[in-house]
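Naming: A, B, ... by sequence-line order, numbering from 1 per chain. Just so it is clear, the values below take in all heavy atoms, side chains as well, and ignore hydrogens, waters and symmetry mates.
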There are 2 protein chains.
Amino acid sequence: MPTISDVAARAGVSTATVSRALNGKATVDPELAARVRQAATELGYQPNGPARNLRRQEAAVVALIISDVENPFFTAIARGVEDIAHEVGYSVVLCNSDESAEKENRYIDIALQERVAGVILSPSGPAAGVAKLAARGTAYVAVDRPLPEHDSDVVLVDTRLAAAQATAHLIAQGYERIGCVTGPAGVRTADDRLAGYRDALRTAKRRTSTRLVRRSEYKAVGAHRAAVDLLSQPEPPDALLVANNAMAVGVLQALQELGRRPGRDVGVVAFDDAPWAELLDPPLTVVAQPAYEIGTEAARLLLARIADNTRPPTVTTLGARLIDRASSHR
Amino acid sequence: MPTISDVAARAGVSTATVSRALNGKATVDPELAARVRQAATELGYQPNGPARNLRRQEAAVVALIISDVENPFFTAIARGVEDIAHEVGYSVVLCNSDESAEKENRYIDIALQERVAGVILSPSGPAAGVAKLAARGTAYVAVDRPLPEHDSDVVLVDTRLAAAQATAHLIAQGYERIGCVTGPAGVRTADDRLAGYRDALRTAKRRTSTRLVRRSEYKAVGAHRAAVDLLSQPEPPDALLVANNAMAVGVLQALQELGRRPGRDVGVVAFDDAPWAELLDPPLTVVAQPAYEIGTEAARLLLARIADNTRPPTVTTLGARLIDRASSHR
DNA sequence: TTGAAAGCGCTAACAC
DNA sequence: GTGTTAGCGCTTTCAA
C-alpha cells in the first residue's frame, strides 16, 4: 500500500508538501498541489488513518452507542446523527449496547482507545463508563435518558408529560380502569412514563393501583406476559398505556390470543409510531417521539462540545405528539 | 492521558514488558505481570488504539456496510455479524450506505484508510469501491447480493426459488391474476424475485404480462404508488407478490385505501418476516429469510479469509421459508 | 512557499 | 524473562 513518501517521490516534492496539499492548506503552490493530487490518484493512495490519528491525537469519528439496533426509535436517531456529522466530515460508528451496561462499558473503552472525537449514547442504567469519558475529557452527549450523576449535554423527550397526555386521552374516551405496561425499574424513560400515567390518574381523581401496573424488559415477550397477567385478573384493566413499540407488539398479541379487541374491549396507546401502526385493525394510537430530531440535535451539541468543552451543559427537551387512531376508542 | 511509559515507570519495568503483560504474552513473569496490571488500573490506562493499529498495520475491526439501517433484515444481519466477531475479539462498525453507491464508496475508502481487518457489505449496484478492496488485499465478503465482477465470498439466499415457491403458493390458493411489486432493475434481489415469480407462472402454464409487474425503490412510498397503479387497471391483479418488508407496508396501505381486503380480495405474500405480520387482519403471509444466519455465516467466512486470503472464494446459499398466514387465502 | 526532522504511542526484533 | 531500540506513516514545528 503506497505511503505519503511514495506520493512525495512521484510528485518530486517533500512529504510535508504532500500532506499540506492533500489536506487543502492554502499555503501550497497550486501547480505543486495539482502534481501531488495527480500522483496520489495514480498510485491509488489512501492516507493511513491510524498514523494520522496518532499524530493528531484524535480521530474524526463520533461513536454512537445505542441500546437496541433493532428498535426503529434508535435507528431513526442514528440517521439524524449521521446526517449532521457527515456534513462536517465526521464519520459515525454505530455500536449496539443491547441494553447491557457491560457492553456499553466495553464500547466506551473502545471509543476511548480509538481516540474518537466524541460519543453519543443512550445510557443503560447508571453508567460507570461515562465517568471515564468525563475523566478523559472526551466530549459526550446523552440521548433519551439523562445521566443522573453527570451534568453533560442531554437531549430528552418530555416523556412524562406525553404519558400523562396519553393517559388523559384514554380517560376522556371513557375508559375506567386504565393499566400501564412499562419498562424496567431504574430505566428513566420507563419510570417517567409510569409517573406520567400516575399524574394523569391523579389529576382525574382516579385511584391508582399497583395491580394495574406491570414492568418488563422493553421487549415483546415480556410485555406479552405482562399483558396476559394483567388481563387475567378478576378486575382486569379496560385500557393500557404501553411504554414502547416492541412492547406494543407483545401486548397486541396477548389481546389477540385472549380474544379482546383493541379499542372496543381494551383501549390501547403505545409509545413510538411505526409504519405498520396504521395497518392494524383498529389502527394503533401512538405517542410519536421526534427521534430523528433527537439525533440531529445531539449531533449538533456534540460538535459544539468538541469545539469547546468548557461550554455549560445544556438540557434539551423535545415534545412528543399523540397520534389519535382507533385503538383508543371504544 | 497516561501512556505505556507511564505504566512502565509506575510498575518499575520497561515498556516492552508492559506491552507483553497487557497483551497476555506467556513469556512474562507472573509477578511482574500482576504489578503491571495494577499500575495500569491505578492510572486508568487505556491503550492508544491508533498507535497500536499503526504499529500492527491492522485494526481488529470489521466494517459492516449495509444498505439500510432502518430495514430489520439488515439489522438482523448486523446482530449475527456482531455475535461472531465479538467472540474472537473483533469490533464491528456499522455503516449505512443508504442504497447509494456513492456513500458505499465513501465508507469503503474510510475502511481502507482505517486499515480495518475486513469488510462485509451488501453491495448497492455495480460497486466500484469493491475493486479497491480487492486491489489492496483487504478481506471482504458480500451478503444478500453477489458482486458480479468479482469472485469473493458471498452469502446469499435462494431468493429466486423462494419467490417461485411463494408464487406457486398463490396459484395453489386459486388466485388467477398474480402481480408482482419488486425493487429497482439492476438490484439483484429485485431481479431474482421477479425471475422466480415468472418461473412459477411459466411452470403453471400461466401467461406472464408486464402489465402485472411494477418496480420501485425498496421503500413503502414507491410500493404504494405501484400498487395503486396496478389495482386501478381495467383488469387488476387478484394477488400480489411483494419483494420486501417496507414495500409490504406501502402495498397494504394502498389496499386499505382502495377498500380491498388482503386475502379475500387480493392475495398477498411479502418477503421478510416482521413481528407485526401476525398482528394484521388478516395476518400476513411472508417469505422469511434467515437474516441472522446470513450475518453469522458472513462473519465466519470473513474471519477465515482474514486468516488466509488465498483460500478459494465460496458461495453460500441459504434457504428461505414460506410462513403461510391468512393474507394468501381467499 | 517548501523541506528537514522530530515525535505521536505502540510492538517486535534483537540482544542480553 | 527482560530491556533497548527502531520504526510504523503521518503532521507540524522550525529554519531556510
Side-chain angles (χ1 to χ4, degrees), chain A residues 1-37 39-40 43-61 89 109-110 112-117 136-138, chain B residues 1-37 39-40 43-61 89 109-110 112-117 136-138:
Chain A
M1 216 143 166
T3 71
I4 200 171
S5 348
D6 299 324
V7 180
R10 182 172 253 260
V13 298
S14 73
T15 60
T17 301
V18 175
S19 173
R20 287 191 275 253
L22 262 23
N23 288 302
K25 299 261 186 276
T27 70
V28 47
D29 186 302
E31 201 224 317
L32 275 196
R35 227 159 74 203
V36 167
R37 275 194 300 273
L43 292 169
Y45 170 70
Q46 294 276 8
N48 184 314
R52 162 182 286 171
N53 298 336
L54 172 58
R55 178 61 229 226
R56 292 204 178 144
Q57 298 283 46
E58 182 167 292
V61 169
D109 280 346
I110 294 177
L112 245 17
Q113 288 174 16
E114 296 303 325
R115 306 304 198 253
V116 302
R136 284 303 172 328
T138 298
Chain B
M1 214 142 166
T3 73
I4 200 171
S5 345
D6 299 324
V7 179
R10 181 172 253 260
V13 298
S14 73
T15 60
T17 299
V18 175
S19 173
R20 285 191 277 252
L22 262 23
N23 289 300
K25 298 265 187 267
T27 70
V28 47
D29 186 303
E31 201 224 314
L32 277 195
R35 226 159 75 204
V36 167
R37 275 193 301 274
L43 292 169
Y45 170 70
Q46 293 278 6
N48 183 314
R52 162 183 285 172
N53 298 336
L54 172 58
R55 177 62 227 225
R56 291 205 180 142
Q57 298 282 46
E58 183 167 292
V61 169
D109 280 346
I110 293 177
L112 244 17
Q113 288 174 15
E114 297 302 325
R115 305 307 197 252
V116 301
R136 284 300 171 334
T138 298

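Taking CZ from B:R35 and OG1 from B:T17, the interatomic distance works out to 9.5 Å, rounded to the nearest 0.5 Å. Here the CD1 atom belonging to A:I110 is positioned 10.0 Å from the CD atom belonging to B:Q46, to the nearest 0.5 angstrom. Here the CD1-CG distance, from B:I4 to B:L43, works out to 12.0 Å after rounding to the nearest 0.5 Å. With rounding to the nearest 0.5 angstrom, the CZ atom of B:R136 is 4.5 Å from the CE atom of A:M1. In this structure, the separation between CZ on B:R37 and OH on B:Y45 is 14.5 Å, given to the nearest 0.5 Å.
The side chain of B:T3 contributes no N or O atom lying less than 4.0 Å from OP1 or OP2 of C:dG9. Taking only side-chain nitrogens and oxygens, B:N23 comes nearer than 4.0 Å to OP1 or OP2 of C:dT11.
Comparing B:A51 and B:A16, the nucleotide of DNA chain D nearest to each residue sits closer to the 5' end for B:A16.
A straight line from CD1 of B:I4 to P of C:dC8 spans 14 Å, rounded to a whole angstrom. Between the CE atom of B:M1 and the P atom of C:dC8 there is a distance of 16 Å, rounded to whole Å. Between A:L112 atom CG and C:dG9 atom C1' the separation is 15 Å, expressed in whole Å. Rounded to a whole Å, the CZ atom of A:R20 is 7 Å from the C1' atom of C:dG3.
A 4.5 Å side-chain heavy-atom check between A:V13 and A:R20 finds every atom pair outside the cut-off. Taking 4.5 Å as the limit, every side-chain heavy atom of B:N53 sits out of range of all side-chain heavy atoms of B:E58. Side chains of A:N48 and B:Q57 form a contact here, defined as non-hydrogen atoms less than 4.5 Å apart.
Residues passing the side chain to side chain donor-acceptor pair (under 3.5 Å) test with B:D29, sequence neighbours excluded: none.
Applying a 4.0 Å cut-off to non-hydrogen atoms, the residues of residues 53-60 of chain A that approach DNA chain C are A:L54, A:R55, A:Q57, listed by residue number.
Here the range on DNA chain D touched by chain B, meaning any atom under 4.0 Å from one of its heavy atoms, is D:dG1 to D:dG9.
Base engagement by B:T27 is indicated by at least one non-hydrogen atom pair under 4.0 Å involving a base atom. B:P47 comes within contact range of the sugar-phosphate backbone alone, with a heavy-atom separation under 4.0 Å but no base atom that close.
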